[in-house]
Amino acid sequence: MSYYKFLKETIDKTLTLLVKSKVIENCPEIFKYSIEQVPDNKFGQLSTNVLMINSKRSKMKFVEFGDIFLKKISNLAEFENIKIVKPGFLNFEFKNSFWQNELYEMLLSNQKIDKSKFKKKRVNIEFVSANPTGLMHIGHARGAILGDTIANLFIEAGYEVDKEYYINDAGNQIDVLINSVIYYCNKLSDKNIKEPEEYYSGKYIENIAKNFLDNNDVINLKNDKRLRDLIVENIIKDIKIDLKNLGVIHNYFISEKEIATKDNVNLVIEKLLKKDLAYEGFSKKPLGKTDDNWKPEKQLLFKSESIDDDKDRTLIKPNGDLTYFMSDIIYHSTKIDRKYDLLLNVWGIDHSGYVKRIKNAITSLFGNNFEFNIELTALVNLIQNKKPIKMSKRKGSFITLREVIDDVGKDVLRFMMVSRKSDKVIDFDFDKVKEQSKDNPIFYVKYAHARCCSIERMTKSSNLKDEEFDKYFKYLILPEEINLIIMLSNYLNILESCIVKLEPHRLTNYLYDLAKLFHNYYSQGSKDQSKRIILDDNKFLMFARVGLIKVVKKIICNGLLILNIKAPKKM
RNA sequence: GCGCUCGUAGCUCAAUUGGAUAGAGCAUCUGACUACGAAUCAGAAGGUUGGGAGUUCGACUCUCUCCGAGCGCGCCA
């Protein structure tokens, strides 16, 4: 039984007894204590704040309450030592046999989290959704990898997960894109042609134009209806290649153009009007930009000013086109029709101002029989030679995601992009992430795995069955070994916290810490022969240590699998 | 002007949902290599957690306020 489960059951039982004997009053809060590992074993191995949060609910002084609690719990055979430590923690130390047994259980288990802790959910997670107007950049990679990794974590929790990409292929930007391609097509025959006021520049668009001309005998480009679809298709194809190279596979690509049908638009308008959320009227002036040409015009507006917004927002433009806001409402209504328990969107931080508006719109329109969360990712700065690289599409100094993948590889990117909290800016240093040293966490973790495999090869331990290790583990008594076991036994708790908080960086940090503890343990052997893993004169101890290494390897492998990163056998 | 996010060691980042003496790596200093993979290891030094106030037994974490940085504030997406 895991230490967490054991302590939880033991403490819960004690609390129930104390309630029965009326030492403390019964309420659900008394069971909301924490169980934590003690940093550096300073005050024991494990610790709980159960006394501190509950002493007020008993009518005694803290010392008395602690004393009663301690007496009820201290006669259990599993404990080596229990004590109360200032300012009121209850700290435990288990006997070595408990940890040895825990290691054996970990060796036999497949290290899957207890799915019964999570209520089964149908989840839709929408991420990337980069506009099909060019290649992706490093910022898109962050969203892609975060979304994909959260999806993997959800699958671990037993959720049913759909991964989705929303293609904005209907708006004004696509017209600009088409005009850009046409401009480049014309430029190929007429070098003096004027640049359009607004267009996408760069080699990528130029190449699309070239390709298009090579494969089509088109005279009148603007009248060719295939042009639009062909260009968008082409770009999406390229985006899909990049995503595949990142190990990111979406289940659905949803096209705005296909969703925003007249029927769907009317349906949503009807609903908005019925709920008194929209009206025909005049929009307020833009609040940020000053535009001298701005004039009020009649249009369909969403009543957002009354629900915490600066002004009512346009749904349908005076010319009849949908705003992005409107088509997003329609898109989300189709998700709601598909009956998910949780809608999760992963967006870039530049959409932060839009979060409140869309959340308001969705909940006021569709209620809240479902969760609707938006996870924002902060910026990624590219650093080379210790200097940030300035990205400018116009000046052509734009570094594409494809170039980054080609340079550093998928695994480095995946690890790096989820190893920071999503609200922190990432400095992506090209030189550092390629370094083959412990300064580079992904390398250090992979190296730990390779080293474990190397030990297995040298000891030919793969011939031993897992069940056989039971009789050897009693020889693991070094503090380094017990600490390693304690760390290993925390793995599933870490996974659970990743899922609950949508924070995969907890996993990457854990894997780094585990790798470090393992490397340290291993290198003890350089100074002290008796601490080596491969011992010719003590087979039983060697098998015990090899068994420990097997579990280290298994957990690193398991964690990397969730991150979709290769665990190499040799490096 | 308004809104959202961030501010932790010289640098890059953590801190188990409010817990203990705020921890790692790099850089700096000291020591260890005829090596179970030194692609490393042991140790030292480094902090008023942007400033101030409040809530709490207890605050990097919550509240208020000020300062600084980024993003946003369109009938663009």
Side-chain angles (χ1 to χ4, degrees), chain A residues 34-40 42-43 47 49 52-53 55-56 62 85-89 91 129 131 133 168 170-174 176 198 256 283 285-289 291 294-297 299 301 308-311 313-319 321-325 327-328 348-357 376 378-379 383 386 419-421 423-427 429 432 435-441 443-444 447 450-451 454-455 458-459 490 493-494 496-497 500-501 503 505-506 509-510 512-513 516 519-520 522-527 529 531-536 542 545 570-571:
Chain A
S34 66
I35 294 173
E36 295 169 16
Q37 298 200 0
V38 177
D40 298 338
K42 280 176 194 162
F43 313 100
S47 163
N49 61 358
M52 282 187 284
I53 64 165
S55 73
K56 272 192 181 168
F62 180 84
V85 184
K86 44 122 203 184
F89 290 101
N91 288 5
S129 301
N131 291 334
T133 55
N168 292 117
N172 181 47
Q173 50 172 353
I174 300 298
V176 175
E198 205 187 355
E256 177 186 5
S283 172
K285 243 185 166 173
L287 299 166
K289 260 187 182 175
D291 181 359
W294 187 88
K295 275 176 201 156
E297 283 182 86
Q299 56 200 288
L301 293 161
D308 207 14
D309 200 346
D310 299 320
K311 61 174 208 164
R313 302 287 171 173
T314 305
L315 292 162
I316 297 180
K317 303 177 202 174
N319 69 2
D321 286 352
L322 308 182
T323 58
Y324 176 75
F325 181 42
S327 76
D328 219 20
I349 190 77
D350 49 330
H351 292 81
S352 65
Y354 181 65
V355 168
K356 209 194 276 172
R357 202 188 314 167
L376 297 175
L379 295 176
I383 312 275
K386 295 184 179 176
S419 64
R420 303 268 185 275
K421 253 172 132 166
D423 55 19
K424 294 277 167 72
V425 174
I426 291 181
D427 283 331
D429 189 324
K432 250 187 186 168
E435 211 169 284
Q436 306 265 302
S437 79
K438 75 170 182 183
D439 187 25
N440 183 1
F443 170 80
Y444 202 55
Y447 180 39
R451 195 172 235 181
S454 160
I455 292 165
M458 280 187 284
T459 56
N490 202 23
N493 294 330
I494 296 289
E496 282 171 22
S497 76
V500 172
K501 300 205 81 174
E503 289 180 353
H505 77 276
R506 289 162 185 272
N509 285 348
Y510 171 84
Y512 181 77
D513 290 342
K516 190 183 168 202
H519 285 305
N520 292 0
Y522 176 90
S523 55
Q524 295 290 316
S526 312
K527 287 185 182 143
Q529 294 279 325
K531 289 187 177 176
R532 293 194 174 211
I533 291 161
I534 299 175
L535 299 160
D536 294 329
M542 178 173 94
R545 288 177 177 170
K570 275 183 183 172
M571 289 174 77

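The sequence lines fix the lettering, A, B, ..., with proteins before strands; numbering per chain opens at 1.
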Enquirer: For B:rU17, does the O4'-C1'-N9-C4 or O4'-C1'-N1-C2 angle fall within 90° of 0, making it syn, or is it anti?
Expert: syn

Enquirer: Under 4.0 Å between a side-chain N/O of A:K516 and OP1 or OP2 of B:rG25, yes or no?
Expert: yes

Enquirer: What interatomic distance, in whole Å, is found between C1' of B:rU40 and the corresponding atom of B:rG25?
Expert: 14 Å

Enquirer: If only side-chain N and O atoms of A:K438 are considered, is one of them under 4.0 Å from the OP1 or OP2 phosphate oxygen of B:rC41?
Expert: yes

Enquirer: Under a 3.5 Å cut-off for both contacts, is B:rC26 paired Watson-Crick or G-U wobble with anything, and if yes, with which nucleotide?
Expert: B:rG10

Enquirer: How many Å lie between CE on A:M458 and P on B:rA35, as a whole number?
Expert: 14 Å

Enquirer: Can a donor-acceptor pair under 3.5 Å be found between the side-chain atoms of A:S454 and the base atoms of B:rG37?
Expert: yes

Enquirer: I would like to know whether A:Q173 and A:N168 meet side-chain hydrogen bond (donor to acceptor under 3.5 Å, both in side chains); could you show each step before the answer?
Expert: CA-CA 9 Å; A:Q173 50 172 353; A:N168 292 117; 4.9 Å; no

Enquirer: Between the base of B:rA24 and the side chain of A:D439, is there a donor-acceptor distance below 3.5 Å?
Expert: no

Enquirer: Between B:rG25 atom P and A:D513 atom CG, what is the distance in whole Å?
Expert: 10 Å

Enquirer: Run the numbers on A:E435 and A:K432 for side-chain contact (heavy atoms from CB on, under 4.5 Å), then give the verdict.
Expert: CA-CA 5 Å; A:E435 211 169 284; A:K432 250 187 186 168; 4.3 Å; yes

Enquirer: Could you check which nucleotide pairs with B:rG58 in any of the strands shown, counting Watson-Crick or G-U wobble with both distances under 3.5 Å?
Expert: none

Enquirer: Starting from P on B:rC57, measure out to CE on A:M52 and report it in whole angstrom.
Expert: 13 Å

Enquirer: Using atom CD1 of A:I316 as one end and atom P of B:rG74 as the other, report the distance to the nearest whole Å.
Expert: 19 Å

Enquirer: Measure NE2/A:H351 against P/B:rA77 and give the value in whole Å, please.
Expert: 11 Å

Enquirer: Counting distance alone, no hydrogens or angles: does the base of B:rA38 have a donor or acceptor under 3.5 Å from a partner atom on the side chain of A:S523?
Expert: no

Enquirer: Taking atom C1' in both B:rG1 and B:rU48, what distance in whole Å separates the two?
Expert: 34 Å

Enquirer: Using purine N1 to pyrimidine N3 plus N6-O4 or O6-N4 for Watson-Crick, or N1-O2 and O6-N3 for G-U wobble, both under 3.5 Å, which nucleotide pairs with B:rC71?
Expert: B:rG3

Enquirer: Is there a side-chain contact between A:K56 and the phosphate of B:rC57, meaning an N or O under 4.0 Å from OP1 or OP2?
Expert: yes

Enquirer: Taking only the side-chain nitrogens and oxygens of A:Y444, find out if one of them lies under 4.0 Å from OP1 or OP2 of B:rG25.
Expert: no

Enquirer: Taking only side-chain nitrogens and oxygens of A:S352, does any of them come within less than 4.0 Å of OP1 or OP2 of B:rC4?
Expert: no

Enquirer: Any side-chain N or O of A:K432 below 4.0 angstrom from OP1/OP2 of B:rC11?
Expert: no

Enquirer: OP1 or OP2 of B:rA24 less than 4.0 angstrom from a side-chain nitrogen or oxygen of A:N509, does that happen here?
Expert: no

Enquirer: Determine the interplanar angle of the A:Y354 and A:F325 rings, folded into 0 to 90°, and report it as parallel if under 30°, tilted if 30 to 60°, perpendicular if over 60°.
Expert: perpendicular

Enquirer: Tell me whether the OP1 or OP2 atom of B:rC41 has a side-chain N or O from A:N520 closer than 4.0 Å.
Expert: yes

